[in-house]
Amino acid sequence: MMIDIKFIRNNPELLRQAIKNKNEKADLDTLLNTDETRRRLQFDFDTLKAEQNSVSQVIAQKKRAKEDASAELSQMARVAEQIKGLQTELTAVNAQMESLLLTIPNVPQSNVPIGRDESCNEVIRHVGEPVKLDFEPKDHLEIATQNGLLDLMRGAKISGSGFPIYTGLGARLERAIINFMLEYHLQKHGYTELMVPLAVNRKTMTGTGQLPKLEDDMYHISEDDLFLIPTAEVPVTNFYADEVLSYKDLPLKHVAYTPCFRREAGSYGKDTRGLQRLHQFNKVEMVRFVEPQDSEAALEEMLQDAEDILQAFGLHYRVVSLCTGDLSFASQKTYDLEVWAAGGKKYLEVSSVSNFGEFQARRANIRYKDATGKLNHLHTLNGSGLATPRLMIAILESYQNADGSINIPEVLAPWMNLKI
RNA sequence: GGAGAGUUGCCGGAGUGGUUGAACGGGACGGUCUCGAAAACCGUUGUACCUUUACGGGUACCCAGGGUUCGAAUCCCUGACUCUCCGCCA
């Protein structure tokens, strides 16, 4: 499957532009040349095979009639040899095609701002007001330390930096946040929960587009060639890999809580204080499977689903439309939600909501039969709803008191067995 | 970890190395019949690629990858997965 080679063949300039705008390094010319070679080989192969098939029947007839078929046999011996040669070439070219196709990114939607990097992202709107504190706010790490919520030193001791340990009330708070978000999506947004494997195979990682590009960013268990998931998107989207669904099943909406693992190779020393950037963190993820004509509307809906969580916490945030240079490899349009951190006085990314069009469905081979019985690739979307670390930062910093204590957000009370 | 059995189309289930893309049954869909329905009968019912303005034609696919052969669903090798039994273990 992969990305549609016919589409690439017919729209090379569109692809060239998309690759450039996304700052990707995909070799389109080699791909197109290889495609031509492949088609020529395939044609020759098919032609010879057709000859072999028909003469083989003649041989069968003659043998049954006890006639001499030695002329045909020697002719076919030659043909068989040629076929074998072509077969070898074809196999090699097909493999080359596949690895080239895997490096072609998804094409951004036309309404995505064009730009090199995040400085070109477009702020769509601000929602709510930054919390007003009549004292100099502390940052989340100070608050967490003072209240005994986190033990990063011991996390570093037993695993390494970036593997946080939530302690006591901190652990309960983290768990309450996760449960609150999960139940919110289940009960108010109509998602169905999945609890999924945290280690997945290579095919699965390729299906959603993490591989081959991001192999260095993932934890890999070489013994079994398994990868720790960087997001629940991977196992949840691949839930339907190699399947054919019915239009009657759609839209499908799944939500899953999982820890996420990221090596964050190459980002050392950047925004590392406290919970800002971690190798392991918790996230509730929403995934949707929809008919193609519904995916644009579904993206807006999912964005709202994620926003609802921030609003439930009464946190100020902004919605950002990512520019082409900041879009992920597989995405054709992405909104980020950035929550206001009162202590650090900056916006922190807590959610990324993306429409992948048919890109992932092609790679993972997820199809559906539409109302007319026609087979199509469906569209996939996903969005964080939300990632907890930076949400925790915003909560601690927004709900702090002058004496360094913190209040528990009202919506979490039922999840912590607290009476407020 | 050890031993055995298996993997065929939407499902069940045949298949001797040569007209098998695949018998037979079921399901689904269309039609005949009927006031309507059931039953019965007739027909249709895979995917991908190449080619053709079109009708059509060609190739591949019977878990995956190799091999034997003029020719493989059918024979051989390797691997994946499923099931049963034993061992170990939460």
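This one's a predicted model, so the numbers in the text were calculated from it and none came from an experiment.
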What does [N] pair with, Watson-Crick or G-U, if both distances are under 3.5 Å?
{"N": "A39(B)", "result": "none"}
{"N": "A48(B)", "result": "U59(B)"}
{"N": "A64(B)", "result": "U78(B)"}
{"N": "C85(B)", "result": "G2(B)"}
{"N": "G18(B)", "result": "C70(B)"}

Where at least one partner belongs to residues 75-91 of chain A, residue pairs that pass side chain to side chain donor-acceptor pair (under 3.5 Å), sequence neighbours excluded: Glu51(A)-Gln75(A)
How many Å lie between [atom1] on [X] and [atom2] on [N], as a whole number?
{"X": "Met97(A)", "N": "C49(B)", "atom1": "CE", "atom2": "P", "value": "12 Å"}
{"X": "Glu98(A)", "N": "A48(B)", "atom1": "CD", "atom2": "P", "value": "17 Å"}
{"X": "Asp242(A)", "N": "A48(B)", "atom1": "CG", "atom2": "C1'", "value": "14 Å"}
{"X": "Leu90(A)", "N": "C50(B)", "atom1": "CG", "atom2": "P", "value": "13 Å"}
{"X": "Asn376(A)", "N": "A48(B)", "atom1": "CG", "atom2": "C1'", "value": "15 Å"}
{"X": "Leu226(A)", "N": "A80(B)", "atom1": "CG", "atom2": "C1'", "value": "14 Å"}
{"X": "Lys6(A)", "N": "U51(B)", "atom1": "NZ", "atom2": "C1'", "value": "12 Å"}
{"X": "Asn94(A)", "N": "C50(B)", "atom1": "CG", "atom2": "C1'", "value": "13 Å"}

If the [atom1] atom of [N] is compared with that of [M], how far apart are they to the nearest Å?
{"N": "A23(B)", "M": "U44(B)", "atom1": "P", "result": "13 Å"}
{"N": "C61(B)", "M": "U19(B)", "atom1": "P", "result": "15 Å"}
{"N": "C11(B)", "M": "G66(B)", "atom1": "C1'", "result": "32 Å"}
{"N": "G1(B)", "M": "U68(B)", "atom1": "P", "result": "32 Å"}
{"N": "U51(B)", "M": "C41(B)", "atom1": "C1'", "result": "40 Å"}
{"N": "C62(B)", "M": "A22(B)", "atom1": "C1'", "result": "8 Å"}
{"N": "G79(B)", "M": "G26(B)", "atom1": "C1'", "result": "34 Å"}
{"N": "C24(B)", "M": "G9(B)", "atom1": "C1'", "result": "13 Å"}

Specify whether Phe163(A) and His279(A) have parallel, tilted or perpendicular ring planes, treating 30° as the upper limit for parallel and 60° as the lower limit for perpendicular. tilted
Mind checking whether His189(A) and Tyr191(A) have parallel, tilted or perpendicular rings, split at 30° and 60°? perpendicular
His379(A) (side chain) donor-acceptor with Ser295(A) (main chain) under 3.5 angstrom: no
Any Arg40(A) side-chain nitrogen or oxygen under 4.0 Å from OP1 or OP2 of U51(B): no
Could you verify whether a donor N or O on one side chain and an acceptor N or O on the other, from Gln61(A) and Glu67(A), lie under 3.5 Å apart? no
Looking at Arg202(A), I'd like to know if its CZ atom is crowded, meaning that more than 12 non-hydrogen atoms belonging to other residues, nucleotides or ligands lie closer than 6.0 Å. yes
Can the ring centroids of Tyr240(A) and Phe289(A) be said to lie less than 6.0 angstrom from one another? yes
Could you check Asp294(A), Asn382(A), Asn355(A), Asp305(A) and say which one makes a side-chain hydrogen bond (donor to acceptor under 3.5 Å, both in side chains) with Arg288(A)? Asp305(A)
Identified side-chain hydrogen bond (donor to acceptor under 3.5 Å, both in side chains) counterpart of Asn121(A) within the set Asp336(A), Asp326(A), Thr334(A): Asp326(A)
Starting at the 5' end of nucleotides 58-74 of chain B, put B wherever the base has a protein heavy atom under 4.0 Å, S where only the sugar-phosphate does, and a dash everywhere else. BSS-------S-BS---
Nearest heavy atom decides the nucleotide; on that basis, is Gln61(A) or Arg38(A) closer to the 5' end of RNA chain B? Gln61(A)
Measuring from the side chain of Gln57(A) (C-beta onward, heavy atoms only), which nucleotide among U19(B), A48(B), C50(B) has the closest atom? U19(B)
Looking across every strand, which nucleic acid part, if any, lies under 4.0 Å from [X] by heavy atom: base, sugar-phosphate, or nothing?
{"X": "Arg78(A)", "result": "nothing"}
{"X": "Arg202(A)", "result": "nothing"}
{"X": "Lys62(A)", "result": "nothing"}

